[in-house]
Amino acid sequence: MNLYFRNPSIITMDYQFKEIEKNWQQFWADNETYKVDNNSDKPKYYVLDMFPYPSGAGLHVGHPLGYIASDIFARYKRLKGYNVLHPMGYDSFGLPAEQYAIQTGQHPAVTTEENIATYRRQLDQIGFSFDWSREVRTSDPEYYKWTQWIFMQLFNSWYNLEADRAVSIESLVEQFEKNGSSAVKAVSDEDTLVFSADEWKSFSENAKQEELLKYRLTFLKESTVNWCPALGTVLANDEVKDGVSERGGFPVEQKKMMQWSMRITAYADRLLQGLDAIDWPEPLKEMQRNWIGKSTGASVIFPLEKGENSIEVFTTRVDTIFGVSFLVIAPEHELVSSLTTPEYSAGIETYIAQTKKKSELDRMADAKTVSGAFTGSYAINPLSGEKVPVWIADYVLAGYGTGAVMAVPSGDQRDYLFAKHFDLPIIQILDAQKDVEHEADATKEGRYVNSGFINGLTYQEAIPVLIEKLQELGAGKAKIQYRMRDAIFGRQRYWGEPVPVYFKDGLPHLIEENELPLILPEVDKYLPTESGEPPLGRAKDWLYKGEAHYELSTMPGWAGSSWYWYRYMASQADRESNSFAPKSAIEYWKDVDLYIGGSEHATGHLLYSRFWNKFLKDLGYVIEEEPFKKLINQGMIQGRSNFVYRVIDEEGKGTNTFVSYGLKGQYKTSAVHVDVNIVENDVLDLEKFKSFRPDFANAEFVLENGRYVCGVEVEKMSKSKFNVVNPDDIIERYGADTLRLYEMFLGPLEQSKPWNTNGIEGVFKFLRKFWKLFHNDKFEFEVSEGEPTKAEYKALHKIIRKVEEDIERFSFNTSVSSFMICVNELNELKCNKRKILQELVIVLAPYAPHITEELWALLGNEKGSLSYAAYPQFIPEYMVEDEFAYPISVNGKMRMNLNLSLSLEAADIEKLVLENADVQKYLDGKTPKKLIVVKGRIVNIVI
RNA sequence: GCUCGGGUGGUGGAACUGGUAGACACGCAGGACUUAAAAUCCUGUUCGCCUUAAAGCGAGUGCGGGUUCGAUUCCCGCCCCGAGUACCA
């Protein structure tokens with residue numbers, strides 16, 4: 001602590017952040033200052049943060065970065081006269097609590113509750129203006145009731161391509177009853193039946209249900225899943241990294257399993273199109289575009305030389321079809337065995353065996369090696385009539401497109417390498433292709449050669465001709481292919497939302513809406529059952545109406561977060577009503593105006609949320625096509641680790657001596673992480689170090705300039721690296737306002753940066769100087785009533801405009817600097833005038849809400865009214881200057897400044913500049929070649 | 001490989017539409033106050049050269065070119081760092 005505060009003569013009056021902050025936080029809570037109403041004449045503004053998973057470790061200084069930015073924005077918008085919805089909650093279902101439960105037997109609900117309490121305490125200390133009355137917790141039955149309800153709506157819907165939206169499953173049944181399956185244009189499974197209306201009516205009820213399941217937007221499907229035996233669960237593709245689970249790093253294998261899925265692919269195109277209409281960072285949109293992976297091309301059917309079968313391929317370059325010299329199908333392709341001739345079966349079998357042995361990792365690492373095997377069979381090019389050999393190779397993926405490609409070695413480098421390796425023909429197809437014997441040339445320029453009826457045409461001309469021909473022959477058609485898969489929607493886990501489904505005759509049925517929520521049952525252990533069923537299999541007597549079995553898997557982590565922003569729209573009273581949010585509230589708040597969060601959610605949460613939002617819109621429950629109008633990614637705060645250097649003796653053993661960073665070159669040393677909290681400005685606190693670990697108690701040091709300097713490295717912030725900085729400690733020492741300002745001062749919001757507490761003193765000093773503007777030398781509150789000078793008005797209005805501009809473009813760091821400049825200027829001017837200071841208090845309020853509330857009250861305003869005061873009006877007249885110090889540059893190099901009246905026109909300036917004695921020195925008697933005068937900006941003399 | 005960011009003093013960073021590069025802050029150095037320390041205040045601080053000093057000169061925003069009276073900013077080529085993604089047909 002600062003000894004300064006111990007001086008009894010001043011202790012009562014200097015900036016007492018602890019008391020001030022505690023009082024105001026209490027005041028805001030007692031008066032529900034930030035409680036927001038759904039009925040208001042003011043325009044609405046919705047500022048949302050990505051809600052946290054309440055982990056056991058609590059918040060570190062990286063977490064609140066985005067929350068501080070959004071809070072500044074929310075407070076600013078209130079001052080600008082908006083009715084601001086700024087809520088917070090918890091994504092409280094999740095693996096860590098369950099893992100902890102497995103280890104300790106503690107119910108996840110209990111640990112989650114404790115963690116939430118810690119988070120809440122930490123959040124409250126920072127002075128956020130959240131409306132806590134609207135808090136949500138995804139693990140609360142009153143909340144997940146509605147997650148389950150949305151699941152039911154998805155189950156009861158199908159995607160009608162004609163209307164291009166989701167509609168009720170009843171309408172599909174109607175169509176089947178009227179016209180059978182023929183006229184239905186739907187996004188569905190691939191194995192749907194073809195039937196007439198009469199045939200439909202003759203189906204048994206179970207057969208009907210089985211068929212409808214192929215259309216429902218959430219459906220059961222045998223899928224190949226990423227099965228993680230160690231976790232006893234299925235993981236989504238984005239939860240698997242390099243063949244191991246992202247969480248825990250356990251091995252993952254492919255396994256077939258009945259799984260709930262979400263037909264997100266139905267929305268692929270709308271998810272892609274929608275990106276153009278929203279104000280999101282370009283990299284993030286790009287990630288979603290890549291994830292959706294739309295390719296426009298054609299599907300082409302290559303009949304086999306022998307037999308009835310054919311191979312369908314997808315290509316984005318149907319124009320290269322005359323350059324096809326072989327086909328390649330995936331080793332897992334269903335036709336492989338029938339295609340393989342006895343002569344080649346040994347080779348094919350060996351190759352398949354090889355492929356199976358390769359892990360996902362090996363296949364990736366091995367991208368350069370060419371491998372494959374010939375099946376012995378041939379297919380016929382439908383346009384040229386040529387016979388082309390069919391190969392298998394593991395570079396063709398069974399899961400993408402049709403699992404088969406037409407290979408064009410002259411146009412595709414991968415095909416080229418394959419052709420070279422196995423000595424297959426390389427056919428040039430465009431006259432603009434260069435040297436196709438040497439490498440592939442994927443150009444679309446020039447005119448076709450060796451290409452039958454498209455010879456002489458350009459790319460643009462050839463495509464429609466080819467598509468038409470293929471359709472005429474029944475050999476293909478234009479096709480759009482997506483990379484995105486349907487999302488698997490089940491986890492073999494305990495701590496998640498139960499799926500509101502029971503089974504009868506092996507078919508899934510929804511429970512009744514009035515039976516929601518389906519409460520998560522108690523279990524004796526949080527592990528899979530002996531028979532390998534999910535933990536819910538342990539629940540005693542957990543049966544629908546006492547007989548039917550419930551679904552035993554639970555919903556994935558993203559279920560509860562895919563719609564939570566709508567629950568916030570429901571006030572506490574609204575939550576009694578029978579909807580996830582009242583229609584009137586949704587009509588008022590509409591969508592999120594500003595969403596701040598990390599880019600790690602680019603393809604998970606943000607894509608699923610957009611999907612559910614579009615679905616809810618199709619059904620008329622919400623009104624906007626896109627949920628998050630503007631999105632900002634805050635950068636990650638990295639850790640900044642400190643190291644001490646332990647001297648190693650001749651035998652290679654660590655000694656008890658530690659050498660300062662600058663001198664470590666003279667010794668053999670090993671670096672040891674040291675807690676950053678006992679290091680200041682990279683200088684180690686020796687006494688604290690000795691008590692840091694018992695084995696350091698008798699440590700000796702080799703110092704430089706009397707100090708021990710630590711080494712530095714930027715790493716992830718984590719306990720094991722001793723580089724975690726807790727906001728509680730910062731607040732204890734400097735207060736929340738300093739923390740808020742400093743987190744912003746650190747640099748641009750969107751940039752990742754290491755946390756370094758070194759500069760915080762500067763921000764703290766700023767707040768004390770700001771406080772001092774309102775106090776005399778005896779630290780008594782004192783402002784004067786006089787009319788401010790022009791310079792004083794100018795300093796104020798400069799900051800009024802600057803902060804406005806900065807906040808609108810999310811440049812919070814530059815505002816903090818500008819506040820410092822403003823206070824330095826007012827300090828210089830010895831300004832303590834109410835007319836200046838009162839407005840300055842409002843401008844600073846979003847950034848430092850506590851100190852400004854205190855001063856606002858001291859200025860005699862109604863307590864707590866600052867949050868809803870009016871942001872001061874910028875008056876440009878105060879900025880008008882009549883003189884300007886023109887920078888005079890010679891040949892583009894700045895040489896001097898010349899004070900000139902701003903009323904002067906270019907010609908006058910020119911004259912005055914050339915007459916100036918200093919300028920003459922540079923001219924050295926010569927006449928300048930050119931003289932550029934930009935009024936109010938610069939003068940450049942070219943010699 | 002592809003896509004998207006980014007590269008500016010000892011450090012974090014500023015320079016918004018092509019117009020004074022290094023604001024603001026940290027650190028460091030020196031000084032004032034003090035018995036002393038802390039706190040506070042003042043001065044200096046891009047680098048190099050020159051000078052007792054004042055001042056002056058030169059270089060400078062990853063590297064190499066270009067456009068321009070003028071480039072951290074625009075264009076071309078390259079290097080490095082970070083993120084995402086991948087035999088995607």
Side-chain angles (χ1 to χ4, degrees), chain A residues 2-7 10 14 281-287 289-291 293-295 297 313-317 320 328 363-364 366-371 393-397 399-408 411-415 417-418 481-483 599-600 602-603 633 635-636 638 681-683 712 742 745-748 750-763 765-766 768-769 772 802 805-806 809 811 813-814 816-821 824 885-897 928-934 936-943:
Chain A
N2 286 307
L3 291 168
Y4 192 59
F5 296 120
R6 296 207 193 123
N7 185 329
I10 50 178
D14 195 6
E282 200 46 49
L284 198 98
K285 288 196 199 180
E286 202 55 36
M287 271 189 241
R289 286 193 193 105
N290 289 339
W291 190 261
K294 181 181 185 176
S295 359
V313 303
F314 174 74
T315 176
T316 54
R317 287 295 301 274
T320 64
V328 189
R363 262 172 116 163
M364 277 203 292
D366 213 19
K368 291 282 176 289
T369 319
V370 178
S371 71
D394 62 8
Y395 79 79
V396 176
L397 306 174
Y400 183 73
T402 57
V405 301
M406 58 178 225
V408 184
D412 182 291
Q413 185 62 18
R414 210 179 34 198
D415 296 345
L417 290 172
F418 197 87
Q481 184 78 41
Y482 295 95
R483 192 176 81 94
S599 60
E600 65 272 22
T603 51
N633 286 130
M636 218 190 26
Q638 295 145 313
N681 287 325
D682 298 331
V683 175
V712 173
Y742 187 61
F745 188 64
L746 224 43
E750 301 186 63
Q751 226 168 74
S752 284
K753 56 231 156 193
W755 177 268
N756 183 351
T757 312
N758 285 357
I760 200 165
E761 290 282 347
V763 170
K765 267 190 239 171
F766 155 73
R768 294 181 59 188
K769 278 194 219 164
K772 269 217 75 182
K802 176 73 174 155
E805 284 171 357
D806 283 351
R809 64 191 172 104
S811 174
N813 56 323
T814 48
V816 181
S817 304
S818 303
F819 281 127
M820 291 174 173
I821 294 169
N824 287 347
Y886 277 92
I888 311 296
S889 50
V890 178
N891 290 334
K893 187 119 194 127
M894 214 288 269
R895 291 299 174 182
M896 70 193 96
N897 285 100
K929 281 200 201 115
K930 210 169 179 184
L931 193 71
I932 286 97
V933 177
V934 184
R937 273 258 139 100
I938 199 165
V939 176
N940 191 13
I941 305 166
V942 186
I943 301 174

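Chain identifiers are assigned alphabetically (A, B, ...) following the order of the sequence lines, protein sequences preceding nucleic acid strands; residue numbering begins at 1 within each chain.
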Which is true for [X] with a 4.0 Å heavy-atom rule: it touches a base, it touches only sugar-phosphate, or it touches nothing?
X: A:E805; value: base
X: A:S818; value: nothing
X: A:P281; value: nothing
X: A:K802; value: base
X: A:E282; value: nothing

Considering non-hydrogen atoms only, spot the tightest contact between [X] and [Y] and give its length.
X: A:G762; Y: A:M820; result: O-CE, 4.0 Å
X: A:Y395; Y: A:D415; result: OH-OD1, 3.0 Å
X: A:N891; Y: A:I943; result: OD1-N, 3.0 Å
X: A:F418; Y: A:S371; result: CE1-O, 3.2 Å
X: A:P887; Y: A:R937; result: CD-O, 3.2 Å
X: A:S295; Y: A:Y400; result: OG-OH, 3.1 Å

Pairwise [atom1] distance, [M] and [N] [rounded to whole Å]:
N: B:rU20; M: B:rA71; atom1: P; answer: 11 Å
N: B:rG70; M: B:rU11; atom1: P; answer: 31 Å
N: B:rG31; M: B:rA37; atom1: P; answer: 12 Å
N: B:rU45; M: B:rU34; atom1: C1'; answer: 27 Å
N: B:rC16; M: B:rG66; atom1: P; answer: 26 Å
N: B:rG5; M: B:rA53; atom1: C1'; answer: 49 Å
N: B:rG56; M: B:rC69; atom1: C1'; answer: 25 Å
N: B:rA32; M: B:rA38; atom1: C1'; answer: 16 Å

Identify which nucleotide among [options] has an atom closest to any side-chain atom of [X], counting heavy atoms from C-beta outward.
X: A:N897; options: B:rC41, B:rA89, B:rU20; answer: B:rU20
X: A:F745; options: B:rC4, B:rG12, B:rG58; answer: B:rG12
X: A:I938; options: B:rA14, B:rU20, B:rC88; answer: B:rU20
X: A:N758; options: B:rA25, B:rA89, B:rC26; answer: B:rC26
X: A:T814; options: B:rC24, B:rG19, B:rA15; answer: B:rA15
X: A:R809; options: B:rG13, B:rA89, B:rA15; answer: B:rA15
X: A:K765; options: B:rA25, B:rA21, B:rC26; answer: B:rC26
X: A:Y395; options: B:rC87, B:rA89, B:rG13; answer: B:rC87
X: A:E286; options: B:rC87, B:rU20, B:rU3; answer: B:rU3

Is the phosphate of [N], meaning OP1 or OP2, less than 4.0 Å from a side-chain N or O of [X]?
X: A:N824; N: B:rA25; result: yes
X: A:R895; N: B:rU20; result: no
X: A:Q413; N: B:rG1; result: no
X: A:Y886; N: B:rU20; result: no

Whole angstrom is fine here: how far is it from [atom1] in [X] over to [atom2] in [N]?
X: A:E600; N: B:rG84; atom1: CD; atom2: C1'; answer: 12 Å
X: A:D806; N: B:rG13; atom1: CG; atom2: P; answer: 16 Å
X: A:E761; N: B:rA38; atom1: CD; atom2: C1'; answer: 12 Å
X: A:K285; N: B:rU3; atom1: NZ; atom2: C1'; answer: 15 Å
X: A:Y742; N: B:rA25; atom1: OH; atom2: P; answer: 14 Å
X: A:L417; N: B:rC87; atom1: CG; atom2: P; answer: 16 Å
X: A:N290; N: B:rA89; atom1: CG; atom2: C1'; answer: 16 Å
X: A:F819; N: B:rA14; atom1: CZ; atom2: P; answer: 17 Å

### Task
Can you measure from CD (A:E282) to CE (A:M287) and round to the nearest 0.5 angstrom?
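Those atoms lie 11.0 Å apart.
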#### Entry: Interatomic spacing from CE in A:M406 to CG in A:D412 - rounded to 0.5 Å
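CG of A:D412 is found 10.0 Å from CE of A:M406.
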### Task
Between A:L746 and A:S295, name the one whose nearest nucleotide on RNA chain B is closer to the 5' end.
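Going by which nucleotide is closer to the 5' end, it is A:L746.
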### Task
Specify the residue among A:V763 and A:P887 whose closest nucleotide of RNA chain B lies further upstream toward the 5′ end.
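Counting from the 5' end, the first nearest nucleotide belongs to A:P887.
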### Query
When syn is taken as a glycosidic angle within 90 degrees of 0, is B:rG9 syn or anti?
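The base of B:rG9 is oriented syn (glycosidic angle within 90° of 0).
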Considering every strand shown, what is the Watson-Crick or G-U wobble mate of [N] when both distances are under 3.5 Å?
N: B:rA36; value: none
N: B:rU3; value: B:rA83
N: B:rC74; value: B:rG66
N: B:rC49; value: B:rG56
N: B:rC41; value: B:rG31

### Task
Classify every nucleotide of nucleotides 62-71 of chain B by which part a protein heavy atom approaches to under 4.0 Å, writing B for the base, S for the sugar-phosphate alone and - for neither, in 5'-to-3' order.
-------BS-
### Task
Only one of A:I941, A:V942, A:N940 passes side chain to side chain contact (heavy atoms under 4.5 Å, CB included) with A:L931; say which it is.
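Of the listed options, the one satisfying the test is A:I941.
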### Query
So do the side chains of A:V763 and A:F819 get within less than 4.5 Å of each other, counting heavy atoms only?
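No - every pair of side-chain heavy atoms lies 4.5 Å or more apart.
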### Query
Any donor-acceptor pair under 3.5 Å between the side chain of A:N756 and the base of B:rC26?
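Per atom types, no contact qualifies.
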### Message
Test of understanding: with ring-ring contact (aromatic ring centres under 6.0 Å, His included), list the residues that count as partners of A:Y742, not counting sequence neighbours.
### Response
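Per chain and number, A:Y742 pairs via ring-ring contact (aromatic ring centres under 6.0 Å, His included) with A:W755.
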